[in-house]
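Here the structure comes first, spelled out in structure tokens, and everything after it is commentary.
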Amino acid sequence: MHPNGGKENILKTNDNVKSRRQYWILAFASPLLIFILWVVATSAEWVRPVLLPSPGEVAKSFSDMLLNGYSGVSLFIHLLASLTRVGTAFVFGSILGITIGMLRGRINNVDAIFLIPGEILRPIPPLGLIPLFILWFGIGETSKVLLIFVSVFLIMMVSAQAGTRSCPADSIRAAQTCGANRYQIFRFVVFPSALPQIMTGLRVALGTALSILVAAELLGGDRGVGFIVLDAANFFRTTYVFAGIIVIGIVGLLSDRALAYAGRRIVHWEGRR
Amino acid sequence: MDMSSTLALSPQSTSEQSEDAARSVKPILRFDRVGLEYDGRDVLKELSFSVNRGEVITVLGPSGCGKTTMLNIVAGFLQPSSGIALVNDREIAGPGPDRGVVFQSYALFDWMTVEDNIAFSLRCSGKNRSQQNAVAKDVAKLVGLQGFEKSYPYQLSGGMRQRCGLARVLAANPSVMLMDEPFAAVDVQTRETLQEEILRIKTETKCTIIFITHSIDEAVFLADRIFLMRKGRLGAFDEFTVNLPEPRGSSENRLHPEFLSVREQIYRAMRADAS
């Protein structure tokens with residue numbers, strides 16, 4: 001397949017196999033080390049269990065949540081409530097952010113309109129918006145979803161704009177000399193050029209969305225993994241706090257890996273030019 | 001001259017023959033005192049020349065002499081601020097598939113296969129999939145890319161990528177092919193092969209080529225005429241005619257006395273200019 005011949009590639013592939021194996025050994029060794037430190041620190045009683053419970057205690061709380069739920073609601077329902085909030089905010093925030101970001105990248109007037117409002121909004125921490133959102137939208141689903149939505153939107157707007165701007169001038173010119181109209185240039189050249197940065201933006205946005213989840217679930221309600229963490233913290237049930245955090249962490253890990261995998265398939269040309 | 005005055009005197013009596021003759025002498029590309037100002041500074045001034053159908057023009061000159069600006073005006077990327085630039089007797093109004101550009105940076109679409117890159121102009125003009133593939137297949141064969149239709153550009157070497165860039169232009173069947181240092185990024189052996197291929201393709205397709213280069217050898221080997229542009233003399237250029245034997249793509253021509261003689265003339269002209 002490769003016009004440069006095969007030999008070089010075989011060498012490279014062997015090298016790759018070796019370095020990939022090392023990569024995965026390290027990837028699993030680092031959390032294992034943290035876990036061992038955790039076991040040692042708790043069994044040697046360097047810290048009080050109410051501040052840092054042992055893995056065994058956390059596992060016990062975790063299985064209790066799995067079997068009996070938390071505050072009378074099954075863990076699955078909590079998880080579903082959180083995922084619905086994050087998912088809704090992520091999907092709509094991404095669509096709007098990518099659309100406006102790409103328009104900003106292509107049309108100077110659109111960029112001008114969003115420049116100052118966008119940059120004023122961006123440094124405001126989501127937690128700072130909570131009191132306002134309670135005033136404006138109450139403590140229902142709307143405020144929770146909107147809080148996450150705003151963060152996703154801002155991240156995606158920036159990355160889609162940067163991606164659009166990164167399209168090389170020669171690629172656009174090449175398309176023009178092929179007779180492409182404005183729409184075709186956008187659809188076949190500018191949009192694919194922006195995809196690598198959009199995919200990276202999606203990963204950042206999803207991670208941020210999950211990190212804001214707990215804050216969003218501060219806004220009242222009795223469902224959600226963030227609610228479990230906050231509620232358990234209020235009652236010093238530290239083992240449940242940890243179990244909740246681990247659930248959110250695992251959701252984050254799995255969703256990030258899924259997005260990274262999809263990204264490699266979609267933007268297969270990235271880093272190979 | 002005679003032909004046009006005859007035509008002007010008796011417009012009704014144009015036989016098919018004289019129409020053909022008129023077309024063959026009529027330049028495909030004409031610049032008439034074209035100037036371009038950029039940031040209040042002249043980049044090009046009163047540049048006039050014409051190119052006949054089927055000619056290969058190579059353009060030599062130091063950086064900043066305006067050769068890329070000239071090419072960009074032909075491509076339609078830049079509008080002249082004075083004078084007039086015509087292709088097929090029509091003023092150039094913007095980029096279009098009748099003037100294809102082969103870029104030094106290749107400017108391939110990395111997300112498309114080689115065949116989709118090649119057929120892009122057909123896709124833009126609404127041709128269906130099977131028409132696109134048929135043309136892509138033919139053109140891939142013409143430029144020596146057969147078997148790589150389903151590859152992606154990043155799987156190709158530099159020389160093969162530029163073949164793809166060339167094929168994308170050829171598929172649109174342009175009146176003029178514009179090439180801006182297309183082989184500057186490939187190694188010497190590949191470069192010479194590609195030069196020979198260009199002349200072979202030119203013979204097969206009878207296309208007109210304007211080719212910018214920094215290499216005197218490349219300029220002499222490819223050209224029917226060479227424009228040597230000078231820095232600080234915007235719009236003024238020296239012209240050299242090359243009369244090498246057919247087939248023009250033969251590598252033997254690199255050792256031909258005419259090749260060596262033109263090369264020397266250009267070398268001396270450039271030296272005189274530098275001192």
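All values reported here derive from a predicted model rather than from experimental measurement.
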Counting heavy atoms not belonging to [X], are there more than 12 under 6.0 Å from its [atom1]?
| X | atom1 | answer |
| --- | --- | --- |
| A:Phe191 | CZ | no |
| A:Leu254 | CG | yes |
| A:Phe186 | CZ | yes |
| B:Glu204 | CD | yes |
| B:Arg225 | CZ | yes |

Atom pair [atom1]/[atom2] of [X] and [Y] - distance to nearest 0.5 Å:
| X | Y | atom1 | atom2 | answer |
| --- | --- | --- | --- | --- |
| A:Thr177 | B:Arg168 | OG1 | CZ | 6.5 Å |
| A:Trp269 | B:Met112 | CH2 | CE | 9.5 Å |
| A:Glu270 | B:Asp110 | CD | CG | 11.0 Å |

Does any heavy atom of chain A fall under 4.5 Å from the side chain of B:Asn72, the backbone, both, or neither of them?
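Answer is side chain: those atoms of B:Asn72 sit under 4.5 Å from chain A.
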Within the 4.5 Å heavy-atom criterion, are A:Val267 and B:Trp111 side-chain neighbours or not?
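Result no, sub-4.5 Å side-chain heavy-atom pair not found.
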Side chain, backbone, both or neither: which part of A:Ala175 has an atom under 4.5 Å from a heavy atom of chain B?
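Both backbone and side chain.
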Please find the pair of heavy atoms, one from [X] and one from [Y], that lie closest to each other, and give the distance.
| X | Y | result |
| --- | --- | --- |
| A:Gln184 | B:Cys124 | NE2-O, 2.9 Å |
| A:Asp170 | B:Ser105 | OD2-OG, 2.8 Å |
| A:Ser171 | B:Phe109 | O-CE2, 3.6 Å |

Within 45° of the axis and under 6.0 Å from the centre of the six-membered ring of A:Phe188, does NZ or CZ of B:Arg123 qualify?
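Yes, B:Arg123 sits over the ring of A:Phe188.
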Most chain B-contacting option - heavy-atom pairs closer than 4.5 Å, from A:Ala180, A:Pro192, A:Gly179, A:Ala169
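Most heavy-atom pairs under 4.5 Å with chain B: A:Pro192.
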What residue in B:Ala107, B:Gly100, B:Ala171 has the most heavy-atom pairs under 4.5 Å with chain A?
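It is B:Ala107.
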Does B:Pro95 offer a backbone N or O that forms a donor-acceptor pair with the side chain of A:Gln176 under 3.5 Å?
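Here the side-chain-to-backbone pair does not exist.
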Out of B:Ser125, B:Ser121, B:Pro174, which one pairs with A:Cys178 under the side-chain contact (heavy atoms from CB on, under 4.5 Å) rule?
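Of all the options given, the one that passes is B:Ser121.
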